[in-house]
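All chains are named by letter (A, B, ...) in the order of the sequence lines, taking the proteins before the strands, and each is independently numbered beginning at 1. Computed from heavy atoms alone, side chains included, the values below leave out hydrogens, waters and symmetry copies. Not measured: the values here are computed from a predicted model.
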Amino acid sequence: MSASFADSGILPPAIFLMGPTASGKTDLAIELCQRLPCDIISVDSAMIYRGMDIGTAKPDAAELARAPHRLIDICDPAETYSAADFRRDALREMAEITAKGRIPLLVGGTMMYFKALWHGLSDLPSADPDLRKALQQEAQQRGWEALHQELARLDPTAAALIHPNNRQRLLRALEVVRITGKPISRIWQSQRAQQDESGQIVEDYPYFTQWQADESSTLPYTVVQLAIAPSERRVLHERIRLRFLKMLDLGFLDEVRTLMARGDLTPDLPSMRCVGYRQAWTYLAEDGERDTLVATGVAATRQLAKRQLTWLRKWPEVHWLASETGQNAEKALKIISSRTTFN
RNA sequence: GGCGCGGUGGCAGAGUGGUUAUGCAGCGGACUGCAACUCCGUGUACGCCGGUUCGAUUCCGACCCGCGCCU
């Protein structure tokens, strides 16, 4: 079971396996690896961090030995990583896997990364920490409303789309205007226009045509998209609760203590704002109640799952699997073989 | 048994004779370089019965429940 797709004229296969946290993605992915010539690429903005194992529910050593995951443990928790970084890295790994005649299996719950990979990103400048710091200071002095008003002047379209309270996105939009001299919305639009001329718009999915970039950013693979989740929300909530308690048993707090003890990490870093880590940090730093830690940690995880499901609910071309059902690997294989020429 | 205090949406917690805080959780949603982020939207609930009143969660009475004190 291997083939060269490079010169066959057929796009090589790739599999997306998506789902909310605690839905059983990792187990299913490992099972698929036993049955298909595929290699796993993690699509997870938290598992990228080294030393963050228990709280991210990273596969353990035995599982990794059976089914290696690419793009985990690639960053130090002091570092930041972006959707653009992910797209670049994932494309590189996918090419490498495909070159070996194998199938890239992209597994994870970071929907923004899936979207960036699948649809590409507009040609925008990356984050500029110094500029962001300067903008933050400006906000301190002039007020956040003033910054939003400035955006309304420079880029009314973006300002209408970004709520004044959404400082993170407001800063990003201002950052782009200041660096490029062009409104971020115009950059989105110019690429949408190209899209229109090439006739690539998929009418059924207007949402996804909003930002699809030019041909070159289209993913050169035949993608089979699978999503897995419990069919009932309450079941997902219970799985989340049990898993959080299990993490605590496994020494999650020690893991966070170790991170805090480094001395160079702060609670506002992306890594330390991850679900569970943020709550554990507060609990340890403020000597909180254990019941509160559990309640807030579990709630934060539920909220994460809800946001992931919001993405997934409107995601086109997904084939759904139910976590609690047996035989998901068989079902997945059936879907995969019916949608690709592989085998 | 007597006296006192209190019973407000899933939880916490304000308050008012008519305009029905707030926080958390839940639910729905947005999201192009921090995305496990960030942000938006969403609930007439006032223990029970009767009375006063044009109108009662708010005033009065009885009752039930909880807490404290007393005999």
Side-chain angles (χ1 to χ4, degrees), chain A residues 20-22 42-49 52 55-58 75 77-89 108-129 131-132 136 144 148 158 160-173 175-176 179-180 183-192 207-213 217 233-234 236-237 240-241 244 247 266-280 291-292 294-314:
Chain A
T21 186
S42 165
V43 185
D44 191 302
S45 63
M47 290 192 198
I48 58 169
Y49 292 113
M52 292 172 60
T56 61
K58 213 176 270 179
C75 290
E79 296 177 311
T80 58
Y81 191 73
S82 72
D85 294 330
F86 171 78
R87 179 173 157 86
R88 177 202 62 219
D89 292 346
T110 303
M111 301 312 297
M112 167 87 164
Y113 286 5
F114 272 115
K115 190 175 173 189
L117 176 63
W118 195 21
H119 289 287
L121 293 165
S122 296
D123 186 20
L124 294 167
S126 53
D128 181 334
L131 179 52
R132 284 191 186 182
Q136 298 247 33
W144 287 96
H148 195 265
L161 257 30
I162 298 169
H163 189 101
N165 290 347
N166 201 341
R167 297 169 178 187
Q168 199 177 90
R169 307 253 143 85
L170 172 59
L171 242 38
R172 171 62 181 163
E175 172 184 65
V176 171
I179 293 174
T180 65
I184 189 170
S185 65
R186 181 147 341 133
I187 300 172
W188 298 337
Q189 280 165 4
S190 68
Q191 263 148 18
R192 203 181 308 161
Y207 170 78
F208 276 81
T209 62
Q210 288 287 306
W211 72 321
Q212 190 160 344
S217 71
R233 184 68 65 91
R234 49 193 296 184
L236 180 62
H237 284 182
I240 286 170
R241 192 181 68 85
F244 191 77
M247 285 175 179
T266 57
D268 57 301
L269 282 167
S271 61
M272 292 301 106
R273 283 193 292 179
C274 283
V275 159
Y277 290 86
R278 183 198 300 231
Q279 291 74 26
D291 284 353
T292 306
V294 174
T296 56
V298 168
T301 313
R302 284 197 299 250
Q303 288 164 349
L304 164 63
K306 188 155 76 77
R307 294 194 302 272
Q308 290 170 313
L309 286 167
T310 299
W311 280 103
L312 243 17
R313 218 172 272 133
K314 66 182 174 192

| query | Can you check side chain to side chain contact (heavy atoms under 4.5 Å, CB included) on Asn165(A) and Trp144(A), steps first, answer last? | reply | CA-CA 8 Å; Asn165(A) 290 347; Trp144(A) 287 96; over 6 Å; no

*asked:* side-chain hydrogen bond (donor to acceptor under 3.5 Å, both in side chains) for Asp44(A) and Ser42(A)? Distances and angles first, verdict last.
replied: CA-CA 6 Å; Asp44(A) 191 302; Ser42(A) 165; 5.2 Å; no

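Judged by closest nucleotide on RNA chain B, Leu161(A) is the one of Leu161(A) and Arg273(A) placed further toward the 5' end. Where Arg132(A) and His163(A) each meet RNA chain B at their nearest nucleotide, the meeting point lying more 5' is that of Arg132(A).
Taking the side chain of Ser45(A) as heavy atoms from C-beta on, and the options C31(B), A36(B), G33(B), the nearest nucleotide is A36(B). Minimum atom distance to the side chain of Met47(A) is reached by A36(B), of the listed U32(B), C34(B), A36(B).
Counting to the nearest Å, the C1' atom of U32(B) and the CE atom of Met111(A) are 15 Å from each other. For Arg169(A) and U32(B), the CZ to C1' distance is 9 Å, given to the nearest whole Å. Straight-line distance from the CG atom of Leu304(A) to the C1' atom of A36(B): 4 Å, rounded to whole Å. Here the P atom of nucleotide C34(B) and the CE atom of Met272(A) are 17 Å apart, to the nearest Å. The distance between atom CH2 of Trp118(A) and atom P of A35(B), rounded to the nearest whole Å, is 21 Å. Between the CG atom of Asp44(A) and the C1' atom of A35(B) there is a distance of 11 Å, rounded to whole Å. One atom, CD1 of Ile48(A), and another, C1' of A35(B), lie 11 Å apart when rounded to the nearest Å. The interatomic distance linking Asp89(A) (CG) with G33(B) (P) rounds to 17 Å, in whole Å.
The two residues Asn166(A) and Ile162(A) come nearest to each other via the heavy atoms O-CG2, 3.9 Å. Residue Gln279(A) comes nearest to Cys274(A) through the heavy atom pair OE1-O, 4.4 Å, listed as atom of the first residue, atom of the second, then distance.
Residues Leu161(A) and Ser185(A) form no side-chain contact, since every pair of their non-hydrogen atoms from C-beta on lies 4.5 Å or further apart. A 4.5 Å side-chain heavy-atom check between Asp123(A) and Ile187(A) finds every atom pair outside the cut-off. Using a 4.5 Å heavy-atom cutoff, the side chains of Met272(A) and Met52(A) are in contact. Between Phe114(A) and Met111(A) the shortest side-chain heavy-atom distance falls below 4.5 Å. Taking the side chain as every heavy atom from C-beta outward, Arg273(A) and Pro267(A) never approach each other to under 4.5 Å. The closest side-chain heavy-atom distance from Leu236(A) to Leu309(A) is below 4.5 Å.
OP1 or OP2 of A35(B) sits under 4.0 Å from a side-chain N or O of Tyr113(A). Look at Thr110(A) and you'll find a side-chain N or O under 4.0 angstrom from OP1 or OP2 of A36(B). Phosphate proximity of A30(B) to Asn166(A): absent, as no side-chain N or O sits under 4.0 Å from OP1 or OP2. Considering only side-chain N and O atoms, Lys115(A) lies nowhere under 4.0 angstrom from the phosphate OP1 or OP2 of C31(B). For U38(B), one of the phosphate oxygens OP1 or OP2 lies less than 4.0 angstrom from a side-chain nitrogen or oxygen of Arg278(A).
Distance check: Thr301(A) OG1 to Lys306(A) NZ gives 14.0 Å after rounding to the nearest 0.5 Å. Once rounded to the nearest 0.5 Å, the distance linking CZ of Arg302(A) with CZ of Arg233(A) reads 10.5 Å.
Counting any heavy atom pair closer than 4.0 Å across all strands shown, Asp268(A) reaches no nucleic acid atom. Among the heavy atoms of the strands, none lies under 4.0 Å from Gly276(A). Arg234(A) comes within 4.0 angstrom of nothing in the nucleic acid, heavy atoms only. Using a 4.0 Å heavy-atom criterion, one finds that Ala127(A) contacts the sugar-phosphate atoms exclusively. At the heavy-atom level, Phe86(A) lies nowhere under 4.0 Å from the strands shown. Residue-level contact check: Tyr277(A) touches neither bases nor backbone, having no heavy atom under 4.0 Å from any strand. At the heavy-atom level, Thr301(A) lies nowhere under 4.0 Å from the strands shown. Here Thr80(A) lies out of heavy-atom contact (under 4.0 Å) with every strand.
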Identify each atom pair where a protein N or O and an N or O of nucleotides 26-29 of chain B are less than 3.5 Å apart, giving names and distance.
{"residue": "G26(B)", "atom": "OP1", "partner": "Arg302(A)", "partner atom": "NE", "Å": "2.6"}
{"residue": "G26(B)", "atom": "OP1", "partner": "Arg302(A)", "partner atom": "NH2", "Å": "3.3"}
{"residue": "G26(B)", "atom": "OP2", "partner": "Gln303(A)", "partner atom": "NE2", "Å": "2.8"}
{"residue": "C27(B)", "atom": "OP1", "partner": "Arg233(A)", "partner atom": "NH1", "Å": "2.8"}
{"residue": "C27(B)", "atom": "OP1", "partner": "His237(A)", "partner atom": "NE2", "Å": "3.3"}
{"residue": "G28(B)", "atom": "OP1", "partner": "Arg233(A)", "partner atom": "NH2", "Å": "3.2"}
{"residue": "G28(B)", "atom": "OP1", "partner": "Arg313(A)", "partner atom": "NH2", "Å": "3.4"}
{"residue": "G28(B)", "atom": "OP2", "partner": "Arg233(A)", "partner atom": "NH1", "Å": "3.2"}
{"residue": "G28(B)", "atom": "OP2", "partner": "Arg233(A)", "partner atom": "NH2", "Å": "3.2"}
{"residue": "G28(B)", "atom": "N7", "partner": "Lys306(A)", "partner atom": "NZ", "Å": "2.7"}
{"residue": "G29(B)", "atom": "OP1", "partner": "Arg313(A)", "partner atom": "NH1", "Å": "3.2"}
{"residue": "G29(B)", "atom": "OP2", "partner": "Arg313(A)", "partner atom": "NH1", "Å": "2.0"}

Review item, nucleotides 11-13 of chain B N/O atoms under 3.5 Å of protein N/O:
none

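Phe86(A) and Tyr113(A) have parallel rings, their planes meeting at less than 30° on a 0 to 90° scale where 60° marks the start of perpendicular.
Taking the P atom of each, G68(B) and G41(B) are spaced 43 Å apart, rounded to whole Å.
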Base-pair string, RNA chain B, Watson-Crick plus G-U, cut-off 3.5 Å on both distances, | for inter-strand, is (((((((..(((.....[...))).(((((.......)))))....(.(((..]....))).)))))))).

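By the rule that a glycosidic angle within 90° of 0 means syn, G15(B) does not qualify and counts as anti.
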